[in-house]
Amino acid sequence: MNSIILHISDLHVSLDKKIGGEANKHDSYLDTSDQNEPSFLFIDRFTNALKRDYPISELTIYLLVTGDITNEGEKKEFDFALVYLNRIIEALKIRKENILLLPGDHDLHRRSIINLLAENDKSSMQEINTAKYKNFSNFYYELLNKEFDPNKIIFDVLEIENSFILLGLNSCTKIDLVQKLGNVPINQFEYELNSVTTNSRLKAIVCVHHNLSSAYENKNNGQWDSDNRESFLQKLLSHDIAFVFTGNEHSNSCKSLLLGDILTSDSGCFSSKSWDTTFKVYDIFTEEDILLKNIIYSLHKPNNNDFKFEWDTRKNKVFSQP
């Protein structure tokens with residue numbers, strides 16, 4: 001094993017003050033305070049846990065971030081998220097071409113939708129997407145030095161060890177002020193998927209923000225439009241896609257769908273003060289099969305008023321696909 005996938009999600013970098021100056025009560029260890037030493041300490045404890053358990057200088061790390069980088073999609077939140085993610089990237093020596101970063105529903109900017117529709121209530125969905133992801137798009141370019149297309153479904157692809165590919169999907173292209181659930185337009189997805197797989201002989205794993213099932217809320221549909229969810233899963237099966245990496249639910253669950261034909265893995269909420277604070281590492285072993293050893297790290301919190309926190313591992317599982 002000389003490479004891993006590091007999976008984090010739901011950072012929810014939050015405003016320390018609401019617009020207007022009122023103190024903002026929020027749930028994330030990562031915020032926009034100028035006194036951000038606690039946030040830096042949180043990041044450093046995280047990277048130190050990886051350095052403790054892995055030979056970083058001898059390792060290739062693929063970083064997967066499955067959305068909700070910010071809490072409200074505000075520019076200031078993205079400015080601080082850029083600092084925090086660059087701190088992780090530098091500490092763990094991650095090459096930026098080895099990063100797959102997805103948008104979540106909290107990364108869209110709803111005030112921009114309101115402003116757009118106030119000017120033109122007949123604005124197209126494409127125009128709404130461009131407006132709501134303006135802040136995310138700028139952040140994405142600053143971090144990765146490449147453009148984000150808010151109207152594409154498969155907006156990025158990351159090849160892993162010449163063995164398989166991670167497909168970065170945007171499950172938020174249908175979200176506006178009314179629609180709030182994950183959705184992937186099936187015809188557009190299949191068109192883009194055929195284009196990707198035509199140019200690649202490698203097996204594909206889908207990465208998406210919205211969870212397709214729910215462990216915490218115990219809902220079969222998760223945070224997904226129910227009719228679209230069924231069509232999406234069937235389309236994955238028809239293309240021999242059996243793994244889906246997600247974020248969104250804030251639980252580090254692994255669930256099988258369609259009688260075990262598809263497996264989903266959610267890394268949990270990376271920086272929550274009140275939720276179970278977790279991330280995942282997938283050790284990669286590839287021969288004729290894809291073999292991923294799933295390692296869950298959780299944050300032990302002896303006292304929420306200090307920063308004597310330690311990350312440690314939980315029970316492991318192994319997933320494989322021929």
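We use all heavy atoms of the structure for the numbers below, so side chains are in, but hydrogens, waters and symmetry mates are not. For clarity, every value in this text was computed on a predicted model and none was experimentally measured.
Of all non-hydrogen atoms in Asn228 and Pro185, the two that sit nearest each other are ND2-N, 4.4 Å. Nearest heavy atom pair, residue Ile69 against residue Leu11, reads O-CB, 3.6 Å. Contact between Val13 and Thr32 at its shortest, heavy atoms only, is CG1-CG2, 4.5 Å. Of all non-hydrogen atoms in Leu181 and Gln179, the two that sit nearest each other are N-OE1, 2.7 Å. Taking all atoms of both residues into account, the shortest heavy-atom contact from Ser9 to Ser267 is CB-OG, 3.3 Å. Of all the heavy atoms in Ser123 and Leu117, the pair that sits closest is CB-CD2, 4.1 Å.
A single hydrophobic cluster is not seen to contain both Leu144 and Tyr141; linkage of ILVMFWY side chains at heavy-atom distances under 4.5 Å, directly or through other members, places them apart.
With rounding to the nearest 0.5 angstrom, the OG1 atom of Thr130 is 5.0 Å from the CG atom of Asn151. The NZ atom of Lys96 sits 8.0 Å away from the CG atom of Asn145 when rounded to the nearest 0.5 Å. Taking OG1 of Thr60 as the start and NZ of Lys93 as the end, the distance is 13.0 Å to the nearest 0.5 Å. Note that CZ of Phe189 and CZ of Phe232 are 4.5 Å apart. Values are rounded to the nearest 0.5 Å. Here the straight-line distance linking atom SG of Cys254 with atom NZ of Lys280 works out to 3.0 Å at 0.5 Å rounding.
Asp266 and Asn211 share no donor-acceptor pair across their side chains, judged by distance under 3.5 Å alone. Checking Ser33 against Gln35 by side-chain atom types alone, no donor-acceptor pair falls below 3.5 Å. His7 and Thr66 share a side-chain donor-acceptor pair at under 3.5 Å. Judged purely by distance below 3.5 Å, without hydrogens or angles, the side chains of Ser271 and Ser28 pair a donor atom with an acceptor atom. Judged by distance alone, the side chains of His209 and Asp105 do bring a donor and an acceptor atom under 3.5 Å apart.
The pair Lys203-Asp240 meets the salt-bridge criterion, with a side-chain N (NZ, NE, NH1 or NH2) lying under 4.0 Å from an Asp/Glu carboxylate O. Checked for salt-bridge contact, Glu190 and Lys235 meet the test: a charged N lies under 4.0 Å from a carboxylate O. Checked for salt-bridge contact, Arg111 and Glu72 miss the test: no charged N lies under 4.0 Å from a carboxylate O. By the 4.0 Å N-to-carboxylate-O rule, Arg95 lies close enough to Glu97 to be salt-bridged with it.
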side-chain contact (heavy atoms from CB on, under 4.5 Å) assessment of Leu64 paired with Phe245: CA-CA 9 Å; Leu64 171 62; Phe245 293 152; 3.6 Å; yes
Full working for salt bridge (charged side-chain N to carboxylate O under 4.0 Å, His left out) between Asp44 and Arg87: CA-CA 8 Å; Asp44 292 345; Arg87 194 177 183 96; 3.0 Å; yes
Step-by-step ring-ring contact (aromatic ring centres under 6.0 Å, His included) determination, Tyr133 to Tyr140: CA-CA 10 Å; Tyr133 276 131; Tyr140 189 87; over 10 Å; no
Full working for ring-ring contact (aromatic ring centres under 6.0 Å, His included) between His12 and His106: CA-CA 8 Å; His12 287 282; His106 279 264; 4.7 Å; yes
side-chain contact (heavy atoms from CB on, under 4.5 Å) evaluation trace for Leu100 with Asp156: CA-CA 7 Å; Leu100 183 61; Asp156 200 5; 3.7 Å; yes
Tyr282 vs Tyr62, ring-ring contact (aromatic ring centres under 6.0 Å, His included): CA-CA, chis, key distance, verdict: CA-CA 10 Å; Tyr282 307 97; Tyr62 298 92; over 10 Å; no
Arg229 and Asn183: CA distance, side-chain angles, deciding distance, side-chain contact (heavy atoms from CB on, under 4.5 Å) verdict: CA-CA 7 Å; Arg229 172 187 180 273; Asn183 185 296; over 6 Å; no
Worked verdict on Asp27 versus Trp275 for side-chain contact (heavy atoms from CB on, under 4.5 Å): CA-CA 9 Å; Asp27 186 51; Trp275 291 78; 3.5 Å; yes
side-chain hydrogen bond (donor to acceptor under 3.5 Å, both in side chains) assessment of Asn252 paired with Asp276: CA-CA 8 Å; Asn252 54 82; Asp276 190 13; 3.1 Å; yes
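A donor-acceptor pair is defined here as one N or O able to donate and one able to accept, closer than 3.5 Å; no such pair exists between the side chain of Asn2 and the backbone of Leu59. A donor-acceptor contact shorter than 3.5 Å is absent between the side chain of Glu310 and the backbone of His300. Looking only at distances, no side-chain donor or acceptor of Thr313 sits under 3.5 Å from a matching main-chain atom of Ile295. Looking only at distances, no side-chain donor or acceptor of Gln234 sits under 3.5 Å from a matching main-chain atom of Ser231. Looking only at distances, a side-chain donor or acceptor of Thr277 sits under 3.5 Å from a matching main-chain atom of Ser272.
For the side-chain contact (heavy atoms from CB on, under 4.5 Å) test, residues two or more places apart in sequence or in another chain that qualify with Val83 are Phe40. Residues passing the salt bridge (Lys or Arg N to Asp or Glu O under 4.0 Å) test with Lys75 are Asp79, sequence neighbours excluded. Qualifying salt bridge (Lys or Arg N to Asp or Glu O under 4.0 Å) partners for Asp53, counting only residues two or more places apart in sequence or in other chains: none.
Two residues are said to be in side-chain contact when any heavy atoms from C-beta on lie closer than 4.5 Å; Met125 and Asp176 meet this criterion. Counting only heavy atoms from C-beta outward, the side chains of Asn135 and Thr70 never approach each other to under 4.5 Å. Using a 4.5 Å cut-off on side-chain heavy atoms (C-beta onward), Leu30 and Ile43 make contact. Put simply, the side chain of Leu233 reaches to within 4.5 Å of the side chain of Leu212, judged on heavy atoms. Side chains of Phe155 and Leu102 form a contact here, defined as non-hydrogen atoms less than 4.5 Å apart. Taking 4.5 Å as the limit, every side-chain heavy atom of Leu292 sits out of range of all side-chain heavy atoms of Asp283. Using a 4.5 Å cut-off on side-chain heavy atoms (C-beta onward), Ile113 and Leu108 make contact. Between Ile165 and Val196, the closest side-chain pair of non-hydrogen atoms falls below 4.5 Å.
Asn162 CG: more than 12 foreign heavy atoms inside a 6.0 Å radius. Remark: Lys146 NZ is packed, more than 12 non-hydrogen atoms of other residues, nucleotides or ligands lying under 6.0 Å away.
For the side-chain contact (heavy atoms from CB on, under 4.5 Å) with Ile61, the qualifying choice from Ile56, Asn98, Ile88 is Ile56, the only one to do so. A side-chain contact (heavy atoms from CB on, under 4.5 Å) with Pro150 is found for one member of Asn129, Thr173, Ile128 and no other, namely Asn129.
A perpendicular orientation is assigned to the rings of Phe78 and Phe136, their planes being inclined by more than 60° (bins at 30° and 60°).
Side-chain rings of Phe42 and Phe270 approach one another, their centers coming within less than 6.0 Å.
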